[in-house]
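Scroll down for the structure; my scribbles are underneath it.
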There are 2 protein chains.
Amino acid sequence: MENQEKASRIELAASLPVFLCFAVYSTNLAFNRAYKPLLEKLGLTYPQYVALVALNEENDQTVSQLGQKLFLESNTLTPLLKRLEANGYVIRRRDSHDERQVRVSLTPQGRSVFEKVFCGCGTIVDATGLDEQSYVRLQRELIELRDNLLAGSKSSKQDLDRE
Amino acid sequence: MENQEKASRIELAASLPVFLCFAVYSTNLAFNRAYKPLLEKLGLTYPQYVALVALNEENDQTVSQLGQKLFLESNTLTPLLKRLEANGYVIRRRDSHDERQVRVSLTPQGRSVFEKVFCGCGTIVDATGLDEQSYVRLQRELIELRDNLLAGSKSSKQDLDRE
DNA sequence: GGCATATAACTCGTACGCGATTTAATCGTA
DNA sequence: TACGATTAAATCGCGTACGAGTTATATGCC
């Protein structure tokens with residue numbers, strides 16, 4: 001009775017379909033494949049598109065700000081943003097008040113390509129087979145799960161840093 | 001009334017937290033980070049661990065069989081399996097009846113490392129913050145979503161092949 | 001048997017993700 | 001002001017994903 005807290009609250013069989021993490025992993029692969037036909041016509045990858053979404057929401061963000069929203073760091077974002085710049089979708093320039101920071105802005109072509117993909121999203125949303133209620137609920141549950149996981153890894157990371 | 005079917009059933013604002021695909025994408029990043037401390041001690045990556053899970057469930061599978069379970073193809077799996085072999089966790093050998101196929105088996109070390117990670121999973125399962133019921137439900141919903149998405153991309157791919 | 005077709009795995013090039021390190025700018029404090 | 005500490009971005013190396021193409025084996029049909 002007293003060691004109830006010690007063991008994991010959920011018993012798992014050692015089989016793939018039973019892992020929640022594998023369900024998330026494979027659903028992510030599936031979403032990438034669903035988006036691919038829509039994106040590759042425009043020379044975009046899925047993470048690049050996500051960056052455009054974040055920039056459309058708020059323009060002229062620093063790399064760190066973008067990173068916080070996308071859960072990525074500069075080692076991933078810098079090359080990605082350079083590719084978007086090479087394709088004419090964003091502009092990167094040093095902040096004049098703090099030259100350490102780089103500010104990223106959408107170009108008109110960037111905004112237009114974002115809108116094009118956004119309008120084509122309906123097909124994919126429909127392919128989920130979810131009604132609006134399930135869609136929103138699933139999304140909310142995932143965000144909560146993600147934030148729980150990130151809170152867990154962050155605290156264990158701080159433990160390591162402290163050593 | 002009549003064109004109700006034409007438009008997507010779900011209206012989205014153009015904001016990141018609203019995309020289900022981004023919820024899945026970022027939750028996948030979070031799961032990877034949660035598993036990392038457990039896996040890197042053993043020199044494993046998350047996809048490598050998933051391959052070990054599949055092999056523990058059924059040993060001596062071909063690359064294609066593994067690929068079907070993991071939703072990956074040989075261009076991804078071959079290098080991954082070679083790394084597992086280099087670390088002594090699996091053995092790869094040509095099928096004597098059909099030399100085109102490569103059969104992959106767990107070594108004793110592979111089985112032992114799988115068990116080690118599996119036993120350490122409890123912490124991560126707990127970090128999800130989900131009770132057993134929500135865990136299982138979320139997982140089932142994701143699998144259904146994944147399979148809907150894959151069915152959608154597969155049919156549109158066949159359309160392309162037919163052209 | 002011989003040859004076109006199909007199939008399984010592999011190889012290659014590109015783009016993430018990320019740990020580790022580097023470079024450059026700013027801040028804090030004496 | 002000077003100088004160590006901090007911070008932001010960039011760079012590097014490795015391991016996935018995956019489209020496209022290659023190689024080797026098996027199959028089907030004459």
Side-chain angles (χ1 to χ4, degrees), chain A residues 25-37 39-41 43-51 61-68 70-87 92-104 150 153 157 160-161, chain B residues 25-37 39-51 61-68 70-87 89 92-104 150 153 157 160-161:
Chain A
Y25 167 78
S26 52
T27 305
N28 184 49
L29 291 180
F31 255 126
N32 265 284
R33 288 168 203 178
Y35 268 98
K36 186 140 299 183
L39 291 172
E40 70 184 359
K41 286 185 295 189
L44 282 176
T45 65
Y46 178 73
Q48 286 171 11
Y49 173 58
V50 174
Q61 295 186 69
T62 67
V63 175
S64 306
Q65 282 178 301
L66 267 177
Q68 279 187 9
L70 308 183
F71 303 96
L72 295 172
E73 303 193 20
S74 67
N75 51 5
T76 300
L77 276 176
T78 298
L80 184 154
L81 293 169
K82 282 186 171 179
R83 282 175 211 115
L84 282 175
E85 186 173 43
N87 289 333
R92 303 179 324 124
R93 54 171 177 280
R94 292 273 163 190
D95 186 314
S96 52
H97 295 304
D98 184 345
E99 293 268 339
R100 289 174 303 181
Q101 299 183 107
V102 167
R103 295 203 164 268
V104 187
L150 289 178
S153 356
K157 195 167 197 178
L160 280 175
D161 291 349
Chain B
Y25 167 79
S26 51
T27 305
N28 183 50
L29 292 181
F31 255 126
N32 265 284
R33 287 167 204 180
Y35 267 98
K36 185 140 300 182
L39 291 173
E40 71 183 358
K41 284 185 295 188
L42 303 160
L44 282 175
T45 64
Y46 178 74
Q48 287 171 9
Y49 173 60
V50 174
Q61 294 185 71
T62 67
V63 175
S64 306
Q65 283 178 303
L66 268 177
Q68 278 187 10
L70 308 183
F71 302 96
L72 294 173
E73 302 193 19
S74 67
N75 51 5
T76 300
L77 276 176
T78 298
L80 185 154
L81 293 170
K82 282 185 171 181
R83 281 178 209 113
L84 283 176
E85 187 173 42
N87 289 332
Y89 294 149
R92 304 178 326 124
R93 54 172 176 280
R94 292 274 163 189
D95 185 314
S96 51
H97 294 304
D98 185 344
E99 293 269 337
R100 289 172 305 180
Q101 300 184 108
V102 167
R103 295 203 165 268
V104 187
L150 289 179
S153 353
K157 194 167 195 180
L160 279 175
D161 291 348

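Naming: A, B, ... by sequence-line order, numbering from 1 per chain.
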Which atom pairs, donor and acceptor, lie under 3.5 Å between side-chain atoms of residues 77-84 of chain B and protein residues at least two apart or in another chain?
from	atom 1	to	atom 2	distance (Å)
B:Thr78	OG1	B:Ser74	O	3.0

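- Atom CZ in A:Arg94 sits roughly 10 Å away from atom P in C:dT26 (whole-Å rounding).
- Across the interface with DNA chain D, nearest-nucleotide mapping of A:Asn75 and A:Lys36 shows A:Asn75 to be the residue nearer the 5′ end.
- Contacts between residues 79-86 of chain A and DNA chain D, counted as heavy-atom distances below 4.0 Å, involve A:Lys82.
- In this entry the distance linking CZ of B:Phe31 with P of C:dC18 reads 15 Å, nearest Å.
- Heavy atoms of B:Thr76 sit under 4.0 angstrom from at least one base atom.
- Side-chain atoms of B:Arg94 come within 3.5 Å of backbone atoms of B:Arg100 as a donor-acceptor pair (strictly under, hydrogens ignored).
- Scanning atom types as modelled, no donor and acceptor separated by under 3.5 angstrom connect the side chain of B:Ser74 and the base of C:dA8.
- Considering only side-chain N and O atoms, A:Tyr46 lies nowhere under 4.0 angstrom from the phosphate OP1 or OP2 of C:dA15.
- When side chains are defined from C-beta on, B:Tyr89 does not count as touching B:Gln48, because their heavy atoms never get closer than 4.5 Å.
- B:Arg92 comes within 4.0 angstrom of the backbone, heavy atoms only, and of no base.
- Heavy atoms of B:Leu77 sit nowhere under 4.0 angstrom from any nucleic acid atom.
- Rounded to whole angstrom, the span from the OH atom of B:Tyr35 across to the P atom of C:dC18 amounts to 16 Å.
- For A:Arg93, the CZ atom is loosely surrounded, since the number of other residues' heavy atoms within 6.0 Å does not exceed 12.
- Note: CD (B:Gln101) to C1' (D:dA24) measures 13 Å, nearest angstrom.
- Listed pair A:Arg100 / C:dT23 fails the phosphate criterion, with no side-chain N or O lying under 4.0 Å from OP1 or OP2.
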#### Entry: side-chain contact (heavy atoms from CB on, under 4.5 Å) between B:Leu72 and A:Leu29, intermediate numbers included
CA-CA 9 Å; B:Leu72 294 173; A:Leu29 291 180; 4.1 Å; yes
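- The ring-ring contact (aromatic ring centres under 6.0 Å, His included) check on B:Tyr25 picks up A:Tyr46, B:Phe22, with sequence neighbours excluded.
- Residue B:Gln48 has a polar side-chain atom (N or O) positioned under 4.0 Å from OP1 or OP2 of D:dT16.
- For A:Thr78, the listed nucleotide lying nearest its side chain is D:dA9; candidates were C:dG17, D:dA9, D:dT25.
- The side chain of B:Thr45 contributes no N or O atom lying less than 4.0 Å from OP1 or OP2 of D:dG15.
- Here C:dT14 presents its C1' atom at 13 Å from CD of A:Glu40, a figure rounded to the nearest Å.
- Two residues, A:Val63 and A:Arg33, neighbour DNA chain D, and the one matched to the more 5' nucleotide by heavy-atom proximity is A:Val63.
- Rounded to whole Å, atom P of D:dG21 lies 15 Å from atom CD of B:Glu73.
- When the side-chain nitrogen and oxygen atoms of A:Arg93 are compared with OP1 and OP2 of D:dA9, none of them lie within a distance under 4.0 Å.
- If you check every strand for non-hydrogen atoms under 4.0 Å, B:Asn32 touches nothing.
- If you measure from atom CD of B:Gln61 to atom C1' of C:dA8, you get 15 Å, rounded to the nearest angstrom.
- Taking a 6.0 Å sphere around CD of A:Glu99, one finds it holds more than 12 heavy atoms contributed by other residues, nucleotides or ligands.
- One atom, OH of B:Tyr89, and another, C1' of D:dG15, lie 16 Å apart when rounded to the nearest Å.
- Taking every heavy atom of both residues into account, B:Gly43 and B:Asn87 meet most closely at O-ND2, 3.8 Å.
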